[in-house]
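Below, read A as the first sequence line, B as the second, and so on, with proteins coming before strands; counting in each chain starts at 1. Any value given below was found using the heavy atoms of this structure, including those in side chains, with hydrogens, waters and symmetry copies removed. Everything quoted here is computed from the prediction, not taken from an experiment.
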Amino acid sequence: MDKEYKAGEIERRWQKFWEEIKLFKAPEKPKNKYYVLEMFPYPSGRDLHMGHLKNYAIGDAVARIKMMEGYEVLHPMGWDSFGLPAENAAIQWGIHPREWTYNNIEGFREQLKKLGLSYDWDREFATSDPEYYKWTQKLFLILYKRGLAYRKGAWVNWCPNCKTVLANEQVVEGKCERCKTPVEKKKLTQWFFKITEYADRLLKDLEKLRGHWPEHVIKQQENWIGKSEGTEIVFKVGDLPIRVFTTRADTVFGVTFISVAPDSEITDEILKFVSDDHRENVLRYINESLVKSPEERQKGKTGVFTGLYAEHPFTKEKIPVFVADYVLGEYGTGAVMGVPAHDQRDFEFAQTYKLPIKVVVFPEKNEGEGFEEFLKCMFEETDSERFSLEYKGKRYIFQPKRAYELKGILKDSGEFTGLKSDEAIKRIGQKLKEMGLGGPAVAYRIRDWLVSRQRYWGAPIPIIHCPRCGEVPDENLPVLLPHTENFLPKGRSPLEDVPEFINTKCPRCGADAKRDPDTMDTFVDSSWYFLRFTDPKNDKEIFDKERANAWMPVDQYIGGAEHATKHLIYARFITKVLYDEGILKYDEPFTNLFTQGLVLKKFWWSPVHLKSFPNPEDVEYRDGKPYLKADGTPLEERLEMMSKSRGNVVPLGPFVDEYGADAARVAILFAAPPDMDFEWTDATATAAIRFLNKIWRVFYGFYQSGVRAENEPDLNDRDFVITINEIVAGIRKDYEKFKFNTAIAKLMEAINAVENAKITEKTKGWFINVFVRLLAPVSPHLAEELFHKFDMDKLLGKETVFKTPLPEPLPGLIREEVEIGVQINGKFRGTLKIPINSDEEYVLEIVKNNERLSRYLTGEIKKVIYVPGKIVNIITGL
RNA sequence: GCCGGGGUGGCGGAAUGGCAGACGCGGCGGAUUCAAAAUCCGCUGGGCUUUAACGCCCGUGCGGGUUCAAGUCCCGCCCCCGGCACCA
């Protein structure tokens with residue numbers, strides 16, 4: 001055994017060994033399976049950094065723990081390799097997206113291998129491999145045949161910078177999530193997946209995940225799906241029904257106008273009835289509002305009168321119909337009833353267009369919080385025209401200031417007058433149903449998933465458009481992505497300009513036909529990859545049913561929380577579709593989800609040099625404030641996720657070369673609880689490096705004095721053995737809950753405890769046996785090295801530490817003496833060492849006879865609370 | 001605005017309602033060394049006090065409460081982070 005800890009040499013040796021013994025090779029059909037998966041990476045460059053490592057370090061620790069628990073573990077790795085950055089990089093470097101992508105994959109793979117992660121590399125694939133995307137296309141056809149993939153003309157989100165459409169999930173605060181360009185609306189014919197048809201199941205089945213997924217992810221999905229129970233109400237313009245959706249049917253008697261969204265289907269219908277003197281205005285308004293940015297849209301409530309009136313279902317009044325762009329075309333029915341008295345948005349609209357305000361809901365009592373709120377809404381000092389209303393026998397003159405949105409008691413509402421809001425909502429719903437003018441209804445916030453992209457680097461959509469037969473699915477898969485140098489985004493699919501691709505024959509009638517020119521959203525690729533890992537080489541079908549069902553569902557999924565309403569919802573959706581298709585036995589893909597925190601790193605930003613970020617060596621501090629050395633520009637210190645574009649990455653390669661993969665992993669895992677963000681600093685690494693060196697030093701000492709692993713400790717070293725026993729129990733618990741930071745802290749305690757312990761060689765041998773196995777999940781190479789150096793392979797009859805179980809605490813070893821806290825009248829006054837089984841009387845005697853404690857015992861003892869092993873609290877009468 | 005998660009030493013962070021600050025980083029003092037690095041040992045929340053020790057007081061964002069006992073539970077605030085947001 002070397003005196004020095006030579007991480008590089010050790011790590012290379014055991015990586016080779018693990019490969020030779022095929023330690024990570026997962027069987028085809030397991031009996032006692034555990035499927036652990038990290039969200040697979042997008043190969044964004046050649047080099048990994050510390051930010052990447054966190055995900056893999058956690059996954060690897062879990063995989064190794066499960067191996068040691070005797071499971072057959074599936075722990076695969078692959079590449080989410082289609083996507084825009086490849087094209088953007090290609091443009092920047094003048095290199096083809098394919099070349100750039102596969103070059104990056106090589107770099108990532110090489111670096112991951114150097115980390116000695118427990119992947120079954122035989123299952124590796126990239127989503128841009130034809131052997132994979134063939135089956136992504138098959139998946140598309142499965143959805144198509146089930147009526148879940150459809151093409152429609154719709155107003156869609158368009159990123160003018162990326163020159164492609166975006167799914168709703170990829171628009172964040174009205175901007176493209178990738179390039180932050182404000183998103184525009186465009187009317188285009190696009191492919192959608194009907195995820196809305198699964199909205200209710202996606203919502204309900206969140207119950208199955210509760211307790212197994214982080215609550216914040218479940219809540220985010222709930223909000224994203226956004227189920228609202230309400231009422232649909234029909235207002236008729238002649239024979240044309242305008243259906244509106246509302247959650248507040250109780251305010252229906254307060255309706256003074258109807259608004260429809262410029263981009264809704266009902267608006268197209270309404271237009272047919274608009275008279276010529278209104279038509280021009282209305283069309284102009286619609287066209288203007290559709291090109292407005294979301295910010296502009298939100299500035300004020302605008303609209304245009306259509307000249308049409310709709311009939312109120314109850315009062316038969318004529319209600320004016322407006323087109324207004326504060327109404328969302330894709331939500332509910334695309335039309336709303338305007339109740340200015342009870343909805344703030346309608347109120348603002350009514351103010352602008354001088355529409356009447358009818359108050360129909362009042363607070364239940366004319367006092368208290370509801371009434372206060374009511375007064376705040378309804379009364380304003382004003383000289384202008386006033387409203388007057390009677391309330392609880394009194395007449396009030398008022399000018400409403402804002403809408404009263406709380407529920408209450410109905411007034412002036414025909415047969416529903418006097419009902420409470422909730423009861424009224426029910427009764428009005430029933431009545432409307434009887435009348436054939438609506439009824440109870442449900443609306444969802446979630447929209448259908450727009451999957452087509454006008455981009456080159458993706459899986460072609462396997463549909464042929466035939467002038468005679470229309471849409472024809474192309475079963476002749478894969479539809480290969482053609483090679484072209486003409487891949488730049490241009491606002492329509494680059495594939496359109498590849499004649500040998502786009503021109504084809506109709507598979508049904510043989511006529512000249514064209515292929516669909518779009519490629520699929522990369523989230524389609526990643527919505528099923530976890531299934532392909534169960535049978536990655538299959539060239540006959542998407543995957544073998546039996547193999548998939550043998551491994552699925554993923555027992556532990558690990559990844560970033562940013563996918564809560566994207567990948568994680570798409571993957572659940574696709575899994576349910578395949579369940580309905582009858583090829584999966586499970587309708588939830590991920591039994592347990594763990595979302596790891598980010599690795600942050602400080603960097604500097606200057607408002608002057610917008611997009612370039614200075615290197616640390618170019619920054620100087622004066623009076624504690626950072627400045628750019630070169631020209632003295634004041635800088636701003638920021639703490640964000642590592643990313644190449646911010647220049648705040650800590651590259652993994654050099655670190656591993658200098659200190660080893662184990663040090664990098666221990667550093668990441670020890671720094672903070674794994675689900676929490678933390679800042680990478682030099683101190684993060686220092687702790688890990690010292691810890692591993694200390695282990696080596698202590699074990700080197702053992703080795704020199706001839707100590708080898710033992711099965712049993714010397715029970716004369718009782719105190720030491722008990723200490724280690726407690727650490728064993730603690731670490732087992734920590735590993736169960738992924739609390740790697742405290743587990744490593746306990747490993748440190750163990751090594752500190754043994755360092756100067758006066759114990760026999762036998763006990764040392766037992767310590768080695770226990771410690772090495774506890775260490776293995778977080779520092780696998782070092783553990784494997786020590787396992788062999790100290791002959792644990794011979795002792796335990798296993799070729800690798802990962803085929804041995806995690807140690808268990810020795811039974812029947814309990815401390816004879818414990819230290820308990822002593823409180824007198826609830827205040828801590830000291831501690832006492834007493835035999836473990838002491839009863840209350842005995843403890844009381846000890847306290848009374850203890851000079852230090854007894855002086856607080858003034859007056860008679862009234863009550864004693866004794867929690868054995870923990871604390872005694874003595875209450876005295878003054 | 002709505003939903004979720006947080007606020008603990010100089011710093012990262014520990015604490016099934018039971019001795020707050022585990023473990024580490026940093027700092028201070030010492031040992032080793034020709035010297036340095038590395039390593040090891042001791043101290044390290046704040047304050048008070050010549051009875052300088054087995055002492056006292058204060059201390060987990062703020063204000064109340066429950067309890068023998070609260071960082072932990074309850075009520076009301078403040079602040080920070082994340083998500084959604086004209087969703088009717």
Side-chain angles (χ1 to χ4, degrees), chain A residues 4 172-174 214-224 226-228 230-231 244-249 251 259 261 294 297-301 324-328 330-339 342-346 348-349 405 443-447 561-562 564-565 597-598 667 670-673 675-688 690-691 693-694 697 730 733 739 741-750 752 755-756 819-832 850-853 862-867 869-875:
Chain A
E4 296 295 310
V172 177
E173 290 170 350
E215 193 57 26
H216 70 270
V217 175
I218 291 179
K219 284 283 185 229
Q220 270 187 61
Q221 292 210 354
E222 275 175 8
N223 291 343
W224 190 260
K227 182 176 181 171
S228 286
T231 312
V244 305
F245 175 79
T246 179
T247 53
R248 291 296 304 274
T251 64
S259 289
R297 262 183 170 224
Q298 292 208 22
K299 265 188 203 149
K301 308 271 176 293
D325 66 7
Y326 75 92
V327 182
L328 300 174
E330 298 141 33
Y331 182 72
T333 59
V336 300
M337 60 184 204
V339 186
H342 302 296
D343 183 286
Q344 185 58 22
R345 294 157 301 184
D346 297 344
E348 286 164 30
F349 189 79
E405 293 184 308
Y444 294 94
R445 212 198 71 102
I446 193 171
R447 309 288 143 86
E562 68 274 15
T565 56
L598 301 171
F670 179 61
D675 53 347
M676 200 185 272
D677 294 352
F678 78 95
E679 182 190 352
W680 179 276
T681 64
D682 291 346
T684 315
T686 306
R690 282 192 197 158
F691 170 54
N693 275 308
K694 184 164 187 172
R697 209 166 44 242
K733 255 192 210 156
K739 289 168 73 176
N741 58 326
T742 50
I744 292 169
K746 289 182 182 93
L747 289 169
M748 288 172 171
E749 280 180 61
N752 292 345
E755 196 181 10
N756 296 314
E819 203 177 46
I820 65 163
V822 181
Q823 283 183 323
I824 291 158
N825 291 325
K827 247 185 167 348
F828 273 94
R829 293 301 180 181
T831 57
L832 267 187
N850 183 306
E851 200 189 325
R852 178 165 51 99
L853 297 169
K862 285 206 164 157
K863 193 175 171 188
V864 177
I865 295 109
Y866 174 52
V867 184
K870 290 262 162 88
I871 205 154
V872 62
N873 191 359
I874 303 164
I875 311 302

Base, sugar-phosphate, or nothing for [X], non-hydrogen atoms under 4.0 angstrom?
{"X": "A:Asn756", "answer": "sugar-phosphate"}
{"X": "A:Pro673", "answer": "sugar-phosphate"}
{"X": "A:Lys739", "answer": "sugar-phosphate"}
{"X": "A:Leu328", "answer": "base"}
{"X": "A:Arg447", "answer": "base"}
{"X": "A:Met676", "answer": "sugar-phosphate"}
{"X": "A:Val327", "answer": "base"}

Quick check: any donor-acceptor pair below 3.5 Å linking the side-chain of A:Asn223 to the base of B:C84?
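No.
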Would you check if the side chain of A:Asn873 reaches a backbone N or O of A:Gly826 as a donor-acceptor pair within less than 3.5 Å?
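Judged by distance alone, yes, a pair lies under 3.5 Å.
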Specify the glycosidic conformation (syn or anti) of B:G83, with syn defined as within 90° of 0.
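The base of B:G83 is oriented anti (glycosidic angle more than 90° from 0).
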Partner residues of [X] under the side-chain hydrogen bond (donor to acceptor under 3.5 Å, both in side chains) criterion, sequence neighbours left out:
{"X": "A:Asn693", "answer": "none"}
{"X": "A:Arg829", "answer": "none"}
{"X": "A:Tyr326", "answer": "A:Asp346"}

As a check on the pairing definition, encode RNA chain B in dot-bracket form, counting Watson-Crick and G-U wobble pairs whose two distances are under 3.5 Å, and using | for partners outside this strand.
(((((((..(((.....[....)))((((((.......))))))((((......))))..(((((..]....))))))))))))....
Would you say A:Ile874 and A:Gln823 make side-chain contact, with heavy atoms under 4.5 Å?
no
A:Lys694 vs A:Asn752 side-chain heavy atoms within contact, under 4.5 Å:
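When only atoms from C-beta onward are counted, A:Asn752 and A:Lys694 do touch, with a gap below 4.5 Å.
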Contact pattern, 5' to 3', of nucleotides 19-24 of chain B - B, S or - by protein heavy atom under 4.0 Å
BS-BBS
Does A:Val172 have any side-chain contact (heavy atoms from CB on, under 4.5 Å) partners at least two apart in sequence or in another chain, and if so, which?
A:Glu177
Closest approach to the side chain of A:Phe245, judged atom by atom: which nucleotide of B:G13, B:G4, B:A88 is it?
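Between B:G13, B:G4, B:A88, the one nearest the side chain of A:Phe245 would be B:A88.
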Looking at A:Asn873, I'd like to know whether one of its side-chain N or O atoms comes within less than 4.0 Å of OP1 or OP2 on B:U67.
no
